[in-house]
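Each remark here refers to the structure printed beneath this line.
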Amino acid sequence: MARRADPPAGLAAEFADAEALLRAARRLHESGYRRFEAYSPFPIDGLAEAEGFKESKIAAATLVGGFVGAATGYGMQVYTNLDFPIDVGGRPLIAQPAFVLITFELMVLFAVTACILAMLLLNRLPKLYHPVFDIERFGLASLDRFFLVVDADDAKFDRKNSRALLRRLGAVNVTPMPAADLEVQAEP
Amino acid sequence: MASQDAALDADYRHVTREVTRIPLAFPHKRTWWIAFLAALTLLGLYLVSAGVTFAVGIGAWGNDIPVNWGIAISNYIWWIGIGHAGTLISAMLLLMRQRWRNSLNRFAEAMTLFAVVCGGLYPIIHLGRPWFFYWMAPYPATMGVWPQFKSPLTWDFFAVLTYLTVSAMFWYVGIIPDLAATRDRAKRHSAQVFFGVLALGWRGAARHWARWRQAYRTCAAIAVPLVISVHSEISMIFAAGPEPGWMSTVFPPYFVLGAAFSGFAVVAMIATVTRRAFGLQDLITEKHLDMLGRLTLATGMMTAYGYFADVFGALYGGGRYELHTLHERFFGEVAWAYWGAVILNFVPLQLLWLRRWRVAPVALFLVGLSCTIGMWCERYMLLVSTLYRDYLVSSWGHFWPSFWEWTLFFGSIGLWLTLFLLFVRILPMISAFEIKEATFEEEEAAEASRG
Amino acid sequence: MPMTPPHIARSRLSDRDLRRAAAEFPTAFEGLSQTDRRDLLKVMGASLALAGLAGCHQDPHPEARPYVRVPDGIVLGQSRAYATAVTFGGYAQPVLATTHEGRPTKLEGLPDHPASQGATDAFTQAALLGLYDPGRSKGPARLGQPTDWAQIDAAMVANAARLDAVKGAGFRLLSGAITSPTLGRLIDAMLQRWPQARWHAFEPVNDDLRLEAARQAFGRPLLVRPQLEAAEAVISFDDDLLGPGPFQTSQARGWAARRAAYQRGQGGSELLTAEPAPSLTGAVSQHRLIASVAGVDRLVLALAAALGVGGVAAPALAATQAAWLAEAAAALRRAGGASYVGVGAFHDPAIQALALRINDRLGAIGRTTVLSQPLIKATPGNSGSLAALVADAHAGLVDSLAIFDANPVYAAPADLEVAGALQKVRLRFHAGLHADETAALCHWHAPVEHDLETWGDALAVDGRPSLIQPLVRPFYAVRARSVLLQNLQGDLAADPRRLLAATWTDKLGDLDSPAWRAAQERGFLDEPVTAVTAASAAGPAPATSASNALTVLVRPDPAVWDGALANNPWLQELPRPFTSLTWDNVVAVAPALARRLGLKNGDVVQLAAGARMLEGPVWIMPGQDPSTLVVTLGFGRTAPGLGQAVGFDVAPLRTVGASWRVDGATLTPTGRSLPLATTQDVTTLGDFDFVRTAPRTSVAPKPPTPPPPSFYPPKPESRPQWGMSIDLDVCIGCNACVVACQAENNVPVVGKTQVAKGRHMHWLRVDHYEAGEPDDPAFFNQPVPCMHCEQAPCEMGCPVNAAVHSDDGLNLQVYNRCIGTRTCSSYCPYKVRRFNWFDFTGGDPPELRAARNPDVTVRSRGVMEKCNYCLQRIVAGKIAAQVAGRDIADGEVRTACQQACPTDAIVFGDISDGASQVVARKAQGRNYALLEEANTRPRTTYLARLAPDAGDGDG
Amino acid sequence: MPQIFRPSADIWLRAAVVMVFFLVLGGGLFATGLARSSYATGQGWPIEQTVPFSHKHHAGDLGIDCRYCHVDVERGPVAGIPPTYTCMTCHSQVWTGAPMLAPVRDSLASGQPLVWTRVAKLPGYVYFDHQIHIDRGVPCVECHGRMDQMPLAYRAHALEMRFCLSCHRDPAPHLKPPDMVTRMDWAGWDLVAAHRAYGAAAMKRFHIEPAKLTDCGLCHR
């Protein structure tokens, strides 16, 4: 209630379909906006790119995880066999062929774990409380509506112009995003 | 244009509502409770049987020397095998951009997860001294002894552990967006909190989606070889030993294909049932049944080839003991299992050559059931036919599973059912957002073509 | 000559030591009632370090109860060995008994005793458990109710006083077979004191017919002892020379000695058998002819005729029989005096006598056929003796009766109706190890001491007197037999040791004389019975009866014998030769007969001869004569105990006249069927080559072959490297090794149901195979211990390093590391591994725990176990050698199976020591590895059986 | 659409995640720690005995050689707890009336054994042979610690498998002249060059091959 009075933390524009959103995002980025984010009920090709998103950290993390895993797996087997050398059925002490399998398994385990942790960390998840949830109709963002939220502290943000721009970009309606109880930290 | 959008929106809405209504406002609760209680009863049976085994020892089973592995191990292989279909469907088909998989992957993966749980518990229960099972894990023990990493069992220990963890993570990551959707549909606060926490505060931001996709695709790419490695290693439990009928190079692919086969059969069964039970005809369409039928048929025929290769190998190799084991499989005490496997696996399967049968839910279900049972027979046959009469005539024996072995087996089905029923009850069992994505992209494509 | 392991100190045991040694069991002196058996356990459990696998959960600071005084020469935790003997069928089986802190834990043959040369049979190995048998009677009883000695003493004194007055009129003594000089002396004294008294003897399995045969041949009853080491040709007419019985060890040793010489190319070793049912002897003979009992008799006549023995006309023979006979005759002519012809102990004495004449004609008497005075104390009219007693009892001539170590109520032929006769006797005493069927019908039951806890003596089969000394104070309120004999005469002050000494004073002087000590340390006196020479007189040609109906042969059981051993769990679960049956006896029928009647194993049949009948399950015995049925004694006991209601009693079928052979029997299926527990389901060899036969030339060393190629790295050379060689040419499948292994390694007994489920625990098994026609197959025995593969699949399978390889080539199983995945067993091509499906040992009563070998871990539930080449012996030998600063000598470490084997079929040693016996064996051309194609590189290998030389017949 | 969670919810959630992580980690560490703790191994915990026998007094102050009471240590697998008789060889002369020794006197009189509590008892599946260790010159103190300083005996070492292995893998530093095995104090021993070389020499002399010393069958059968 009290929040109504506060200056809005940003503007939330609702779009009826994905193409509109995609277009809007692209134009917004072209016209120099940086601190904005698009929300959609399903992944849309090129949307993030339209916002100027470019990163391959996850692939890197996975790769590292895989290497660490494989090293751990193989190292563990070699180490334990040297630590207490035991003759097992006359097999070689360090039996590479036999060690391959566990090496592979641990590689997979570490790679996948790293991959998913990286995804969550980079996305700053879990994040149960977020100002966008204050937007009136945001609940539809997981159903069939598409949202574009411009942060108030974007360099080019201007309540009137931005609203106008969003309208021009085909937003079916533009509502102010109420300020958060704690200051909004922008998306990276 | 606008009308199209409207249509699309309606489409999206419909999909999500269809999917989320089930956990939020569960239809025909009564039937569910009946099924659930039945499952719980079986689960109880499971616990009792395991308890008895722990209390008195493996002697409670029918095992003996020479057949010191019995139903426990064959079930282990059977369960894990079934699990493989889920991962294949969701991972491999995802990579191949087979959009139709979106209606199936969610519960297929859940099925995988629970099957692996059921399978993974068996090797522990079957131990002579289960309270020491952790000796298979490498940890700094005061006795300074480590696990024996040249043993196929140790390989399995790691394989199954990895498989379980990876499938669980893959499954969960895939479900997050729909959890968010359910959260947003929820009316009751408790439900909102429940799904809210599970959804980790997912809000569908473009960058999140981007990263999510990267991660999901990567995991999928890794999961495929993982699946293949897992059942290859399980086949090593047999293939690494010197026993006639086991020591065969065809086993790894043979096991993997068999696994996929049984898995697809089970997925087909689940698909037909849930489709009917929750009226999801327009999410799980005839197309899906058709595809499932094809997959089952394809892997089934490959498995058949495995059978052939196995027999051919023995005959061509001409090893005395190999031939003898082959003879035992054809005409011995467990011939019922061999012919049971051959008939149940491959005879009804031939129906699936015709689309008419593939898209007929009842037919598909029955074929799936027959294949599932058939593969159980195969696992049993492979294990017993070799062990009960291996090399020395003097050590030839018999194997008759005991009451407790059977109850443990049926109990494990109860365990699976319990978990799966809980899943369909409280989680969105179909991937709504992926269907939406698919529809959108199809729409895009359509438009592009319209120019 | 076999050696005693050096770490075992041989020493004499004085009763002073005994009192101290027995301080182990403070509660064990007085008779233990059921209730304070627990205390016994506690004391033992605490002080005897009973190894257990409870390890991980066990209290790290348990109680300890040290000696109050340590007996001389006792070294804690170290075993000692004493020379003594256990009796079997009246004969002494000389043993070297191992004790741990005063508990006998193992019996070995007495190495320097000529009769056994350190070997034992299954019965002797199992005798140990007789001492600890929980079913033993633990105190005197009156009319079945526990009482105390005072009462029974009073009764005996009173009776003695009465008998003194009447010169013993109406008193009868009934005993089993007795060779003990002391008991003999005491009985003679008693009979002198009471001239009117009479002594009867009853031993269910006895030499009576043999003695009778000797009487017919030589005019007086003589004991005939074949000297097989000298016999280059042996013809056995249903005479199981190598089979179970008191003479098995010495005769098997003799035969093996000859066989060994033959293998070395010194002289011949031919063995031909004609028999109605397979016997251990028949199984190893080069030409085995199947013939009914009557047929066998005819063959004896034919042979006599062929050799021109006194006025016997040759009967008509079938072609096969004629061929066999020709071969036999040829062999005998070749060997001349170095041959032996034997006829089964249960055959018509006249026929047996004929065989003696044949031996005489061949000039074998004195060479292969040694005659001597009988060793069993003769009683008036031997076998008639019990019948006489019964008759007198019915006639009211018997007023009081004392029964020693005899159980006629169970073991006597039914038609004697001993039970009824007993009722006619006013006062009945019974003395024995168990409160058996006979004890139940006596007023007084007096428990006697087991051979391992008593003073006494007995004659070994070669007549050498063995001295029996106690290794432990009796656990229970029991008395020595000699003492009881005195008590019967009213002398309550008798002391067993003095009674024994009195017998030998003239030879050995008094108890403290060096001679006496020496004799006791040695365990026997080197005084073989003197051989007598006698010429056989031609007798009437015996008539042979050929009945076309079925003939039932009654034989002692190869494990529980006449039933006296029915309470011994090791023997009950001992797989019988040929059938591998446990916990049951059967009606053995020929395959042909089974086919005709449509019978299969386990079908219950009714076996009738006239009005007498019994019921039992059938067993199809390949190689048995179609007109012959075989049943065994020792089952269907009714007295409480382990043997109660196990199998069926054959007494109802037997009569005094026909106690070993019942003619004119009929067999009718009842349609019912019983589950039988065998340790081996299939015995047909088929086209497999697990057991092999090789020409005699193959004993020559074959050129060493380079090891086959391998992916695995070569083993670093270190010594010693243990290995074993088993010679199938001399293995007679006597099972001595199986029981020896069980005793040495605390191998549990699991009972019939578990055996039937394929869960028996024997680490060493003897596989039985039949090759060829089931109606007339060739038989093979194959002892199978762990092969200790150099490339062991089992080890590779174990996920927790519980199955591993030792530096000296042992395939080890670390019980306390095992978690029971059973992969090792799945991967074992030989299936020699055994799994503890249940807690097989936890429920053992304290007595059985006390019998365990403390040097071997008692395995807990859920762990795998298997043969480890008697690792505890290897370690002990290693330590002894290292302390002495030398290498382990060849033959110094001997496995339990090797030590027990009467034919030296098993040789164990260091294969890296070129001079060792085992290397010499493995070098032979006939050496082969079982399942070589599995490429497991076994350390245990086999020597193929030798095929008879060309011309010796078709083998 | 109203917020479902309060801003603080995230803090709580993350806190919970971290908590769980450390609980699992800590649990593991605790288990391993417990297994090694003196509580589990009994290391250093003096043990009450029916007769409060003091090794410090007898072995330390009076300087009685271990072998006087533990006679079998040189010739058998077990050192043996001395029989009542041994105690009385002295205590029939000294402290004859001491109430502390009453149980000992009773034991001799009644013939009932004294009941002691084992201090260095190995599990039943471990077979340790004193004879060979003494013979090779492994001093008592290596495993039993400074018994001469223990008023009441306790386990100086945990006597776990890894303890045995530590010596079996590298015996040299632990070997001492066999005729001095009962010596307790070896302080300064390592300083003397010749002495430091002793272990190696002994290994050679006795043909001690560590490779063979870790065979499972050496102690487990």
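Every chain is numbered from 1, with letters handed out A, B, ... down the list of sequences.
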Salt bridge flag under 4.0 Å for residues C/Lys831 and B/Glu243: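 Salt bridge present between C/Lys831 and B/Glu243.
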
Using 30° and 60° as the class boundaries, would you call the ring planes of [X] and [Y] parallel, tilted or perpendicular?
X        : Y        : value
C/Phe690 : C/Phe688 : parallel
B/Phe410 : B/Trp406 : parallel
B/Phe149 : B/Phe158 : tilted

Only pairs of heavy atoms separated by less than 4.5 Å count here; which of [options] has the most with chain B?
options                                : value
C/Ser580, C/Pro829, C/Ala934           : C/Pro829
C/Arg861, C/Gln680, C/Glu795, C/Arg765 : C/Arg861
C/Met796, C/Arg822, C/Arg833           : C/Arg822
C/Lys757, C/His768, C/Arg817           : C/Arg817
C/Gly686, C/Pro793, C/Cys818, C/Cys794 : C/Cys818

For [Y], is the NZ or CZ atom of [X] found under 6.0 angstrom from the centre of its six-membered ring and inside 45 degrees of the ring axis?
X        : Y        : result
B/Arg379 : B/Tyr76  : no
B/Arg329 : B/Tyr338 : no
C/Arg759 : C/Trp837 : yes

Student check: side-chain heavy atoms of C/Gln782 and C/Leu930 closer than 4.5 Å: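 In contact.
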
Smallest separation among heavy atoms of C/Gly623 and C/Phe779, with atom names: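 Heavy atoms only, the tightest pair is CA-CZ, 4.2 Å.
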
For [X], is it the side chain, the backbone, both, or neither that has a heavy atom closer than 4.5 Å to a heavy atom of chain B?
X        : value
C/Tyr830 : both
C/Thr679 : backbone
C/Leu931 : side chain

Could you look at [X] and say if it's the side chain, the backbone, both or neither that has a heavy atom under 4.5 Å from chain C?
X        : answer
B/Thr53  : backbone
B/Phe399 : neither
B/Trp146 : backbone
B/Asn68  : both
B/Ala141 : neither
B/Met143 : side chain
B/Asp156 : neither

Highest number of heavy-atom pairs under 4.5 Å with chain C: which of [options]?
options                                : value
B/Asp390, B/Ile73, B/Val67, B/Asn63    : B/Asn63
B/Trp246, B/Tyr321, B/Phe157           : B/Tyr321
B/Ala60, B/Ser394, B/Ser395            : B/Ser394
B/Pro242, B/Pro123, B/Pro147           : B/Pro242
B/Thr386, B/Ile237, B/Leu127, B/Thr154 : B/Leu127

Matching residue for B/Phe409 among B/Tyr122, B/Trp376, B/Trp61 - test: ring pair (Phe, Tyr, Trp, His ring centres under 6.0 Å):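 Answer after filtering B/Tyr122, B/Trp376, B/Trp61: B/Trp376.
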
